[in-house]
Amino acid sequence: MSLDPEPDESAPSSAPSPASSWTPSHTDVGAEARRLAQARASLVREGVVFWPAEQTAERLAGRTGFSDRDWTAFQDSWNRLERDRYMADGGRYRERRHATFSATASGPVRQEPHRPHYQSRAYNPLNGGIARHFAPVEADIAQGTVLGAVLSCCRDLFGALAPARAWHIEVHQFRIDAARSGATPTPEGVHRDGVDFVWMMLVQRRNIEGGETRIRDQAGETLARFTLAEPLDAAIVDDARVLHGVTPVTPLDPSQPAWRDVLVVTFAGQPPEQGD
């Protein structure tokens, strides 16, 4: 089945454009609290939440006051990712950067020293089991207003579900080059990441088809299918309960550049332990 957008009882009947939502003159704290409460309820009930772009923009609005210029710079940083050299399938289609942060349920989000990314083979049988050293997220992006708004939103959303938890947060910038052979956003298949919660937000799609997100329960039953089609479309999953994956992408026009840019943020109670 497809997943309907989360109902937003506090939203106006005609949603504002994302640009107008990024820099509001004021923030309705009560409306924001209701939106996050609705999202938590959906996450607890279904294990997954889908926010179309206008809803994501509303939830990020007022947190850091980022502008259209900030968003353009954020998008442009995906043009400076580095090739993922750890692809066990031999693929050359994925580029990425990585950063680590920490937070408490209600405290500030702090960037931590750069460290390798690790997943056990239990969660990533294709590329797991080793420490993978990726280029760091550029400093102005890591400390910028757009990522700051996303991390703040995630902390508030997840923190109320686990108020005593100190969070280990990892940020991943991904570009899938659809013009290259075998371009698959999740080459490990439908999977869990081995964390508590995962935020997946589209940054840009250019000249591609495919890329459908599929959510399954641990028995393998499909719970939801949807496509992140517009910048700021976002999906949030309870990683302990559901699995997620994305279908391959191919160019609409093979003569033109084609890619899928996504921001993935994971929240975990502790860093993963190296060793299977």
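No hydrogens, no waters, no symmetry mates; every other heavy atom, side chains included, goes into these values.
A cation-pi contact links Arg96 to Phe134, judged by a cut-off of 6.0 Å to the six-membered ring centre and 45° from its axis. Stacking of Arg155 on the aromatic ring of Trp167 is not recorded, the 6.0 Å distance cut-off and the 45° axial limit not both being met.
Residues Thr213 and Leu228 are in side-chain contact: their nearest non-hydrogen atoms beyond the backbone lie under 4.5 Å apart.
Distance alone, capped at 3.5 Å, is enough to place a donor-acceptor pair between the Thr184 side chain and the Gly182 backbone. A donor-acceptor pair under 3.5 Å is formed between the side chain of Asp238 and the backbone N or O of Ala240. Asp76 places no side-chain N or O within donor-acceptor distance of the main-chain N or O of Thr72, the cut-off being under 3.5 Å.
Listed here is the closest heavy atom pair of Ser181 and Tyr93: O-CD2, 3.5 Å. When every heavy atom of Val249 is checked against every heavy atom of Ala178, the shortest pair comes out as CG2-CB, 3.8 Å.
Ring pair His98/His172 is tilted by interplanar angle, where 30° to 60° counts as tilted. Using bins of under 30°, 30° to 60° and over 60° for the plane-to-plane angle, the ring pair Phe158/Phe197 lands in the parallel bin.
Chaining together hydrophobic side chains whose heavy atoms lie under 4.5 Å apart places Val190 alongside Leu243.
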*Test salt bridge (Lys or Arg N to Asp or Glu O under 4.0 Å) applied to Asp156 and Arg63, step by step*: CA-CA 11 Å; Asp156 292 349; Arg63 290 181 175 272; 2.8 Å; yes
_Evaluation steps, salt bridge (Lys or Arg N to Asp or Glu O under 4.0 Å), between Glu221 and Arg216_ = CA-CA 5 Å; Glu221 180 180 352; Arg216 296 178 183 169; over 6 Å; no
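Other residues, nucleotides and ligands contribute more than 12 heavy atoms inside 6.0 Å of the CD atom of Glu112. Heavy-atom neighbours of Arg110 CZ from other residues, nucleotides or ligands within 6.0 Å: at or below the threshold of 12.
Aromatic ring centroids of His133 and His114 lie 6.0 Å or more apart.
Of the inter-residue distances, the one linking Asp84 atom CG with Ile176 atom CD1 reads 8.5 Å to the nearest 0.5 angstrom.
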